[in-house]
Protein chains: 2
Amino acid sequence: MPRSGPATRLIDVAERAGVSIATASRSLRGQDGVSEAVAAHVRQVASDLGYVVNVHARTLAGGSTSIVGLIVHEIGDPYFSEIASGVVHLATARGLTVQICHSGRDPVTELSQIRTLLAHGTEAVLIAGSGYVDPTLQSEADKELRAFQRSGGRAAVIGRHFLRTDAVLPANVAAGEAIAEHVLSLGHRRIAVAAGSAALTTVEDRVAGIRAALERHGIAPGDVPVVHSAFTRDGGQEAAERILHEHPRTTAILALNDVMAIGVLSTLRTLGVSVPHDVSVAGIDDIAVAADLAPSLTTVRLHMQQLGELVLSMALKPPSARPRRRGCGHELVVRGSTGPAPRRRA
Amino acid sequence: MPRSGPATRLIDVAERAGVSIATASRSLRGQDGVSEAVAAHVRQVASDLGYVVNVHARTLAGGSTSIVGLIVHEIGDPYFSEIASGVVHLATARGLTVQICHSGRDPVTELSQIRTLLAHGTEAVLIAGSGYVDPTLQSEADKELRAFQRSGGRAAVIGRHFLRTDAVLPANVAAGEAIAEHVLSLGHRRIAVAAGSAALTTVEDRVAGIRAALERHGIAPGDVPVVHSAFTRDGGQEAAERILHEHPRTTAILALNDVMAIGVLSTLRTLGVSVPHDVSVAGIDDIAVAADLAPSLTTVRLHMQQLGELVLSMALKPPSARPRRRGCGHELVVRGSTGPAPRRRA
DNA sequence: CTGAAAGCGCTTACAG
DNA sequence: CTGAAAGCGCTTACAG
């Protein structure tokens, strides 16, 4: 039955157990150099007293932090909340706490968030979400992270970031190829892409995958409009409007992520365009709700929760001489939003 | 151009500026008792050096942490990710960092997460998500939080928690009433409720609201089955199966949150039950995707992002003599998943 | 207005 | 195996 009032300190535990704080510290951290009997006694006393180590003191004294920082573009976006869920689950299992920051898809904000996390002395910094096509945007961040890693910190990222850290690489190119192959196999030839900002590597990679598949089928890139908009539901809505207006004969819209696909579906529904009868729609990611849309969304599963667990587990491993890269599986999930190309469109 | 290598410390700034660390500290924190000229110079030097305060040292020395802790049931659930988004946005604007923990809807886990956050010396602890109907489950947590608050910490919660902290109260009872009144006004009389665990106050409150509305219409509580299941999509699926099996004449299913409603819709679709033609479905919360389901989901908007901002802003205010309570708006959002009661069901 | 010094609660060489 | 002591980087009375 822990007492309330000021927190129990290590010295309280040590006194009660009749040992020095050095011995108490060693016992609690499971270091050897303490007789098992003494260590067990100290642990018992600590538990009786409800002792919890003061993280700040421990960190300042040179111990480890047990905090990991996670930078996401926006935690309200399902893609990121599923990644965060994976990170938090694994972190909890390992006794770590997760600090979450928003970068808002802005490299300047991202840099300042990195600095904040480093100042907080986190064990590890995790960055989720697309990198930027322009590598100069990240050189400052890279500098900070390298210094951090040289001094024993760990960092790992999801995606292609031009950062010299461990990285989990979602199968963005392959996902683009898979979704394009799928609609091609259904006979679609008038395809349009609802894309996020061209500044993002994720967008670039997914488009590259789509183009590769199109080329194999003899379709010139110029014949497939790529409409850039925000990488959000509203962006998807807007992209769909422009696609239907500028390319009215389109029979398949590939949205570069599920959230945009939701916006695309919304626009089509509003305009009375039947999916998949008139136009097929597909996304990428397979966020949880994709299966529950109507029509349910054909997409490519990227296992965000796993990505989250993976990126943390990489960061927790001892560093290697050079940055590690890890891929993660993907699979086409065919559902109701795609169907055979119509013979003809009005 | 900040140098890399070991971090710049206050003493580095002080030396470079030619002052003591006491003066440097005061200058940087904007305390008075320092001539403006000196203070400005120190700040300039600090900025040139890229100085960032060491949070652990500051906290240990008695300064403030600039970290707030947020406990959610599960960050992957849209209800919580939208709340978290509100918290993170406001926190960022105020220069605070957010630590997120999972309670997994388990009071024991919740308590241990509270202890972790307190040990991390957070400025404020925020708890989002339902409390437990059994108040004894929270007495330990209450004790910890009271001790924390006595020693200057701040705490605030979303929902009815039997905790003596500031609280934002989502309009759970009113939401239950509103959604029930809505289906009643459409002529439904054979209504069933797909509910989460009976141990949660949110479930209890929403059911209470529904019952109040039913009573006003002369419907006995016994005539409205409340099927308890997990407060998740899968729970909604399961509840719908049981409802259709045990109460086949049901014409309206009220899910106690949108995530469950998604599961209900999924089951109905699988079974070929037309919504809203055969059965109307409604939820509560209005998560972002609710508008994009098909049929789009009738629900009661509870403004989760606002709840998140609100709970943090309460925690940031100076404490009052007694815990503050704040309500938050709600509004019925009628969409496509509810319609007139059918004349007769097979 | 400014500085020397104690102290926050830990960890970790360094002695024994 | 165990303990006394220094030190992590700050803040804040306490003197001047």
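Chain letters run A, B, ... following the sequence lines, proteins first and then strands; every chain starts at 1. Atom set for the values below is all heavy atoms of this structure, side chains included, hydrogens, waters and symmetry mates excluded.
Taking atom CG of B:L28 as the reference point, atom C1' of C:dT2 lies 16 Å away to the nearest angstrom. The CG-P distance, from A:L10 to C:dT11, rounds to 6 Å in whole Å. Rounded to whole angstrom, the span from the CD1 atom of A:I21 across to the C1' atom of C:dC8 amounts to 12 Å. Atom NE2 of A:H56 is separated from atom P of D:dT11 by 13 Å (rounded to the nearest Å). Taking atom CZ of B:R26 as the reference point, atom P of D:dG9 lies 21 Å away to the nearest angstrom. In this structure, A:R58 places its CZ atom 21 Å from P of D:dC10, rounding to the nearest Å. Between the CG atom of B:L60 and the C1' atom of C:dC10 there is a distance of 8 Å, rounded to whole Å. Between the CG atom of B:D12 and the P atom of D:dC10 there is a distance of 8 Å, rounded to whole Å.
Side-chain proximity of A:V34 to the nucleotides D:dT2, C:dT12, D:dT11 is greatest for D:dT2. The side chain of B:S25 has D:dT12 as its nearest neighbour among D:dG7, D:dT2, D:dT12.
In this structure, a donor-acceptor pair under 3.5 Å is absent between the side chains of A:T92 and B:H102.
Checked for salt-bridge contact, B:E36 and B:R43 meet the test: a charged N lies under 4.0 Å from a carboxylate O. With salt bridges taken as basic N to acidic carboxylate O contacts below 4.0 Å, one links A:R154 and A:D166.
Residues A:I67 and B:Q99 meet the side-chain proximity criterion, which asks for heavy atoms closer than 4.5 Å. With contacts defined as side-chain heavy-atom distances shorter than 4.5 Å, the pair A:L10/A:Y51 qualifies.
Minimum heavy-atom separation, B:V87 to B:L312: O-CD2, 3.6 Å.
Here salt bridge (Lys or Arg N to Asp or Glu O under 4.0 Å) pairs that include residues 68-84 of chain B, with residues two or more places apart or in two chains, number zero.
In DNA chain D, runs of at least 3 stacked Watson-Crick or G-U pairs (N1-N3 plus N6-O4 or O6-N4, or N1-O2 plus O6-N3, all under 3.5 Å) give these stems: C:1-3 with D:14-16, C:5-12 with D:5-12, C:14-16 with D:1-3.
Within the 4.0 Å cut-off from OP1 or OP2 of C:dT2, at least one side-chain nitrogen or oxygen of B:S35 is found. When the side-chain nitrogen and oxygen atoms of A:T23 are compared with OP1 and OP2 of D:dG3, one or more of them lie within a distance under 4.0 Å. At C:dC10, one or more side-chain N or O atoms of A:Y51 fall inside 4.0 Å of OP1 or OP2 (strictly under the cut-off).
Between A:Q31 and A:R9, the residue anchored nearer the 5' end of DNA chain C, judged by the nucleotide with its closest heavy atom, is A:R9.
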